[in-house]
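The next block holds one structure in the form of structure tokens; read it before the comments.
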Amino acid sequence: MKLVVLAAGYATRLYPLTLDRAKHLLPIGGRPVLDHLLDKLAPIDELDGVYVVTNAKFAGSFREWAKAYAPARPALEPIIVDDGTADEAKRLGAIGDLDFVVRRERITDDLLVAAGDSYFSESLADLGRCGLEHDAPVLAVYDVGDLESVKRYSSVEIDASGRLTHLEEKPPDPRSTLAGVALYFYPAHVLPLVRRYLAEGNNPDQPGRLVQWLYTRLPVYAWSVPGEWYDIGSHETLREANAAAARELTQS
């Protein structure tokens, strides 16, 4: 099983912090965001390869980070993939970057995909088990508690078996407080559909749009994120994630 971390955005909402530093490398609890993400995914025993896709502007910074990062196992040493873009106007988009890595690195394994700007307070080990049990795409979900908040994400509905019955990206009138998180499992046999999605001219950005397209074509299941989740998209959520990391450190 391989992991692709999506980290090619420019994070303009976090300026000036991200003018010369990728938000995925900003410190939370004294360590880069990516350190925490990979540590939470490391307990997935089947995971044996990590690719971090970024852009030409920040590729050097990610390579320096990778040299300093101490993986839980040698197989989890991150490989940095530069998508060759240098500004917001030319970016490939999250789904475009996923396709780029899959094709360039010739990935044919089961695949985990994670946005590199998420902070999780608990281990994500059960996501791997859930994906392997279903042998189907799995979307991580989190109950944000109110309909207004879910407008920033994907609104998700599921049936008694955990299968998605409805998903709408950034809904103006959400029907559920269950939000899709940018954390996914894709079995190997589904990977060719990423290329098909893009070949049909669909939106290459916002990774939830791929799931929105998939769930009407094949079974897609939900997995509930344990503990707390923070999407590091603003100065406010960065502060909240730092507070959560401080609590986690105190409790450990």
Side-chain angles (χ1 to χ4, degrees), residues 1-8 21-54 58-82 97-98 101-102 104-134 138-142 181-188 191 207 223-232 238 241-252:
M1 185 186 299
K2 300 295 188 287
L3 166 67
V4 171
V5 178
L6 304 172
R21 189 177 192 180
K23 72 172 172 177
H24 321 84
L25 301 179
L26 292 174
I28 291 181
R31 300 176 65 211
V33 177
L34 273 184
D35 282 32
H36 295 282
L37 176 65
L38 296 186
D39 286 357
K40 294 301 194 299
L41 289 164
I44 300 176
D45 292 334
E46 295 81 5
L47 191 59
D48 61 1
V50 176
Y51 301 90
V52 179
V53 57
T54 184
F58 292 124
S61 298
F62 279 93
R63 292 190 185 103
E64 289 301 313
W65 162 79
K67 290 178 185 176
Y69 177 68
R73 306 191 302 276
L76 302 186
E77 183 174 342
I79 296 170
I80 307 304
V81 181
D82 179 357
D97 273 316
L98 172 59
V101 177
V102 168
R104 173 173 162 165
E105 303 297 329
R106 296 182 173 86
I107 297 174
T108 57
D109 306 59
D110 293 338
L111 189 64
L112 292 170
V113 179
D117 56 357
S118 285
Y119 175 80
F120 299 93
S121 68
E122 304 291 337
S123 169
L124 303 172
D126 284 343
L127 171 62
R129 283 191 281 272
C130 180
L132 292 171
E133 287 172 3
H134 286 296
V138 174
L139 166 67
V141 296
Y142 186 86
V181 175
L183 177 63
Y184 317 90
F185 171 86
Y186 294 115
L191 295 187
W223 175 78
S224 294
V225 170
E228 297 176 88
W229 162 65
Y230 297 91
D231 174 25
I232 314 300
L238 180 61
N242 267 293
R247 290 194 297 272
E248 183 181 355
L249 186 62
T250 301
Q251 294 164 4
S252 62

Problem set entry | Shortest non-hydrogen separation from D97 to A8 and the atoms involved | OD2-CB, 3.2 Å
Exercise. What residues, two or more places apart in sequence or in another chain, satisfy ring-ring contact (aromatic ring centres under 6.0 Å, His included) together with Y230?
Worked result: none
Problem set entry | Shortest non-hydrogen contact between I80 and A59, atoms and distance | CG2-O, 4.2 Å
Exercise. What's the spacing between K40 NZ and S121 OG if we round to 0.5 Å?
Worked result: 7.0 Å
For this session: To the nearest 0.5 angstrom, please state how far the CG atom of L191 sits from the CG atom of D110.
Result: 8.0 Å
Exercise. Would you say R21 and P27 make side-chain contact, with heavy atoms under 4.5 Å?
Worked result: yes
Problem set entry | Reported OH-to-CG distance for the pair Y51 and L3, which is rounded to 0.5 angstrom | 10.5 Å
Exercise. Side chains of L124 and L112: does their closest heavy-atom pair fall under 4.5 Å?
Worked result: no
Exercise. Would a 4.5 Å heavy-atom cut-off, applied to side chains only, mark P207 and Y184 as touching?
Worked result: yes
Problem set entry | More than 12 heavy atoms from other groups under 6.0 Å of CZ on R73 | yes
Seminar exercise, completed: Tightest non-hydrogen contact, residues A245 and Y119, listed as CA-OH, 3.4 Å
Seminar exercise, completed: Value for OH (Y69) from CD (E77), rounded to nearest 0.5 Å, stands at 10.5 Å
Exercise. How about H24 and V5: do any of their side-chain heavy atoms sit closer than 4.5 Å?
Worked result: no
Mind listing the side-chain donor-acceptor pairs of residues 43-50 below 3.5 Å, one per line with the distance, residues two or more places apart or on another chain?
unit_1, atom_1, unit_2, atom_2, d
D48, OD1, M1, N, 3.4
D48, OD1, K2, NZ, 3.1

Seminar exercise, completed: Minimal heavy-atom distance between A140 and V225, with the atoms involved, is CB-CG2, 3.8 Å
Problem set entry | F62/L34 under side-chain contact (heavy atoms from CB on, under 4.5 Å): CA gap, chis, key distance, verdict | CA-CA 10 Å; F62 279 93; L34 273 184; 3.5 Å; yes
Exercise. Quick one: are P78 and L38 in side-chain contact, heavy atoms under 4.5 Å?
Worked result: yes
For this session: Give, for atom CG of N242 and atom CZ of R247, the distance between the pair rounded to the nearest 0.5 Å.
Result: 11.0 Å
Problem set entry | Distance (rounded to the nearest 0.5 Å) between R104 CZ and D82 CG | 7.5 Å
Problem set entry | Chi angles and distances behind the side-chain contact (heavy atoms from CB on, under 4.5 Å) call for S118, L183 | CA-CA 9 Å; S118 285; L183 177 63; over 6 Å; no
Problem set entry | Any L238 side-chain heavy atom under 4.5 Å of I28 side chain | yes
